[in-house]
Structures are given as C-alpha cells and as structure tokens.
Peer 1: 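Provided herewith is a single structure, encoded as structure tokens, for subsequent inquiry.
All figures in this text were calculated on a predicted structure; none of them were measured in a lab. For ligands, and for the atoms within them, numbers begin at 1 and follow the listed sequence.
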Amino acid sequence: MTDGPTYGFDTLQIHAGARPDPATGARQVPIYQTTAYVFRDADHAAALFNLQEVGYIYSRLTNPTIGALQERIATLEGGVGAVCCSSGHAAQIMALFPLMEPGRNIVASTRLYGGTVTQFSQTIRRFGWSAKFVDFDDADAVAAAIDDDTRAIFCETIANPGGHITDLPKIAAVGDAAGIPLIVDNTSATPYLCRPIEHGATLVVHSTTKYLTGNGTVTGGCVVDSGKFDWAANDKFPSLSQPEPAYHGMKFAETFGPLAFTFHGIAIGLRDLGMTMNPQAAHYTLMGIETLSLRMDRHVENARKVATWLEEDPRTEYVTYAGLESSPYFGLVDKICPRGAGALFTVAVKGGYDACIKLVDSLEIFSHVANLGDARSLIIHSASTTHRQLTAEQQEAAGAGPGIVRLSIGIEDADDIIADLDQALAKATS
Ligand SMILES: *Cc1c(COP(=O)(O)O)cnc(C)c1O
C-alpha cells in the first residue's frame, strides 16, 4: 500500500513500511538475517558507496527488516525519516551526535528517565559535551539557560517517574526563537498518545524497548526526523551544513534537503558509531507496533482506574497521574495527549520507606523491575534501587523519595491489578 495521511493510525500501525516481499510474496516482513548484500556490478557498488544510489551494502548501515520498522515509526510520528539503533540510550547519542562538538551543551529537563540523567550528567562529558538541567514547567528558565554553545533542547513528553506532561509547543517556541532544535523522548507517550512533531519537535527519540515492542522482549531505539529544521540557516551545525570529508566534500543539508539528518544518521552515525539494531529485534518491534493503539487504549483505561482507586485509598498520601483532576498537569492532557495521559505515575505510600519495601515484596501480579511500558504491570521502589546512590534531597527532587513507588500499569484486568495493590497495601501498612 502507499502510505499517506488518508490512512488512520490503526491502519498505518499494521501497513506502513511493509509491502509483500518482492522475492517471495511473503505477506509478513521477512527477517532478513544477512550481514551483506551482493552488488549487481562494480558500478552499482561504487554508486552505493558514494551515496549516489540508495540500497543495501552491509547490515551495520541498512537492512530491509529494519528499514520497514524505520518507515513505520517515521510514518506514525509524522516524520520524513527515521534511524533505528540498538537501544533507547543509543538513540539519544545518535540524535545528539550530528549536532554536537566538544564544548557544546544541551539544555535538558530535570524530569527524565534515570538512565538519561546519568548519560547526560556524566557520560557525555567524555565527548566534551555537557547538559544543563532546567525545570521545563518554566519556559523562561529554559530560554535563559540557552547560550552560544547550546545545540539542542531535550525533554520527555510524559516524563519519568511522575507522569508529568511537558507543554511541548511552549518549549518548541523557545527553541525556534534561539534557532535550536527540540528533541523529544516520546517513549512513554508513543505516537498514539502524542505526536511531538505536530507540537514543534525537530527530532523524536524512542526506546522501542518499551511500549512500541510492548512485551519486554528486545531492546531498541529510534530517532525520527521531522525534516523541518534548516540545518544550514546558521553555522551552528557544521556536520550537516559543511562539506563532509569522508564523502568527497558532500554537504548533507544541500544534497539531501529535509532528509539530511536521516542520511547523516545512517551514513555517518551507524557507519562509525555502529549502534545498529539487529533484524530479529526489528521483527519483534514490528509485531508489537501492529497492536499499539489497542494496547495503549487499555494501558490508559487501566491507569485511570488504578490511579483513581489509589488516590481515594486512605493508605496513600498522593498519586501523581496527570489524568487525575488533582494533577497540576491535568489541563495539559487535552492539549498534548488527548487520548490519555499514559500509564506511568508515582504513589506516595503512608509509612514511608518500610511500607514501600513491604508493598513491593507483597505484590503478586506486579513485577519489581527496572523497566516500563510492558504488557504486564511493573513497580519499582526507586529510593532503594535506581536512585539509591543519591542524597535524600536529590531523591526528593527526582520524585523518587523514600516513601514513593513508581507504577507502570499493564493491560491485565484492572480489577485484578487493584485487588493485588489492595492486598499488598494491607500487608505494607498493617
Ligand atoms: C528506557 C528508556 C530509555 C532508555 O532506553 P533503553 O532502550 O533502555 O536504552 C530512555 N528514555 C526513556 C523515557 C525510557 O523509558
């Protein structure tokens, strides 16, 4: 089928990027389990290596199974292209790599996935990059943090761990005014709940490990390009606007126009950083995406029921779910994620640290894991696990205080999820 805006989300999540296999007619996307591809002749090989013709050379760069997934995610996000890679963290590096040089910085939200905070505050320093963390509820503070060396703004749509919603158009306007791209991690919303490009994002990154695959089987990541940023408008992005020595002085922005970022991601990023997705992982994720809208509707419906029940329960102090009227982010749901506020939130339990530990150990349906976006319900007590190295003040600031647990609500029967929480809360607070 030809992909187009005429098709609805439910159709595109099954068909986008997937045509019957030209060699066999196979209806499902085959797993092209191959490292290399035979060139038609020497001229064909030369054209491929010069980027004069698009095709398959070697699976570190391109592979048809991964290509189908890239096209599907790009279509669902409303982007012009996408590059898949080995994990969500790889996607973040792949998104920043073409924009950054030693001495450059990004302005990032204080509310991010814990691993992203570590990647941005520690590891990227080895590349000479740095991050300034700002409260993204305050767009003026974001604007004030941008300096001459800033090359990107980074936030999450529905932010970890509390399910806070970012006012994307406001933040995108700050980026536009400064000539800086906005990168949005859309992992916990998925393109079904929010399409950040429609709100002004330049790039969208995903951990496909989570809801897109949907059942906790494979790690993967993706960078989607809106195709809307003019990389040659100023001299801030020389990797995209200036001659590339490794390709005979070709300029990506001039040669590939709106696809410059995507081509750079494959021809330089995957070629030299090598954070490639494998075809088997792409297959699992393609299967997962076929049911994305059905699962997300159920995740949201269950999260709403569970959060409402928890908020009314006298054994809890508060619940941070943005889908509750008590949330300061409730007013943003209709604007940013009209189909629902996702399924990730935190709960403060009466009885503090000890009660949280007992709660986690007493649950039967919930799994105590450092993951989110699985079909099954998950819980983590951040203060004793992912955030245990932090000081008490840092834990509070991160929404990971000792008396708080984070829930990722699955697609089981809501009544069973609630009953499990009920029995475990009874043990935890007795
Ligand atoms: C899990 C996650 C990541 C990191 O993805 P991996 O696939 O684990 O590398 C980044 N951002 C968010 C919001 C995540 O949930």
Peer 1: Taking a cutoff of less than 4.0 Å between a non-hydrogen atom of the residue and any ligand atom, is Asp185 in contact with ligand 1?
Peer 2: yes
Peer 1: Does Lys236 pair with Asp148 as a salt bridge, N-O distance under 4.0 Å?
Peer 2: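 A salt bridge is absent here (no side-chain N lies under 4.0 Å from a carboxylate O).
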Peer 1: Whether Glu301 and Arg304 form a salt bridge (side-chain N of Lys/Arg under 4.0 Å from carboxylate O of Asp/Glu) is what I want to check.
Peer 2: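 No, this pair does not count.
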Peer 1: Check each atom of ligand 1 against the heavy atoms of Gly220 and keep those under 4.0 Å away; list them by number with element.
Peer 2: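 Listed by number with element: 7 (O).
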Peer 1: Quick test of your reading of the model: are Lys427 and Asp361 salt-bridged, counting only N-O distances below 4.0 Å?
Peer 2: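 Here Lys427 does not pair with Asp361 in a salt bridge, since their nearest N and O are not under 4.0 Å apart.
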Peer 1: What's the shortest distance from atom 10 (C) of ligand 1 to any protein heavy atom, and which residue and atom give it?
Peer 2: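 Of the protein heavy atoms, Gln92 OE1, 3.4 Å lies nearest.
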Peer 1: Mind checking whether Gly88 has an N or O less than 3.5 Å away from an N or O of ligand 1?
Peer 2: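 Yes, at least one N or O pair falls under 3.5 Å.
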Peer 1: What protein heavy atom is closest to atom 9 (O) of ligand 1, reported as residue, atom name and distance in Å?
Peer 2: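 Answer for atom 9 (O) of ligand 1: His89 N, 2.9 Å.
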Peer 1: Could you tell me whether some N/O pair between Ser207 and ligand 1 is separated by less than 3.5 angstrom?
Peer 2: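 It does: an N or O of Ser207 is found under 3.5 Å from an N or O of ligand 1.
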Peer 1: Among all protein non-hydrogen atoms, which one is nearest to atom 15 (O) of ligand 1, and what is the separation to 0.1 Å?
Peer 2: Lys210 NZ, 2.7 Å
Peer 1: Run the ring-centre check on His299 versus Tyr211 and record whether the distance is less than 6.0 Å.
Peer 2: yes
Peer 1: Surrounding OH of Tyr58 (heavy atoms of other residues, nucleotides or ligands, distance under 6.0 Å), is the total greater than 12?
Peer 2: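 Open.
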Peer 1: Which residue holds the protein heavy atom closest to atom 7 (O) of ligand 1, what is that atom called, and what is the gap in Å?
Peer 2: Thr209 OG1, 2.7 Å
Peer 1: Below 4.0 angstrom, N of the basic side chain to O of the carboxylate: do Asp185 and Lys210 qualify?
Peer 2: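 The answer is no: the pair does not qualify as a salt bridge.
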Peer 1: More than 12 heavy atoms of other residues, nucleotides or ligands under 6.0 Å from CZ of Phe256: yes or no?
Peer 2: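 Enclosed: over 12 neighbouring heavy atoms sit under 6.0 Å from CZ of Phe256.
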Peer 1: Looking at ligand 1, does Gly373 have a heavy atom less than 4.0 Å from it?
Peer 2: no
Peer 1: Would Asn160 count as a contact of ligand 1 if the rule is a heavy atom under 4.0 Å away?
Peer 2: no
Peer 1: Determine whether the side chain, the backbone, both or neither of Leu372 has a heavy atom under 4.0 Å from any heavy atom of ligand 1.
Peer 2: side chain
Peer 1: Considering only heavy atoms of Glu156, which atoms of ligand 1 have at least one such atom less than 4.0 Å away?
Peer 2: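 Result: 13 (C).
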Peer 1: Of all the atoms in ligand 1, which lie at a distance below 4.0 Å from a heavy atom belonging to Ser87?
Peer 2: 7 (O), 9 (O)
Peer 1: Before we go on, tell me: are the rings of Phe229 and Phe237 under 6.0 Å apart, centre to centre?
Peer 2: yes
Peer 1: Are Lys305 and Asp415 ion-paired here, with the side-chain N under 4.0 Å from a carboxylate O?
Peer 2: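 Salt bridge between Lys305 and Asp415, a charged N being under 4.0 Å from a carboxylate O: no.
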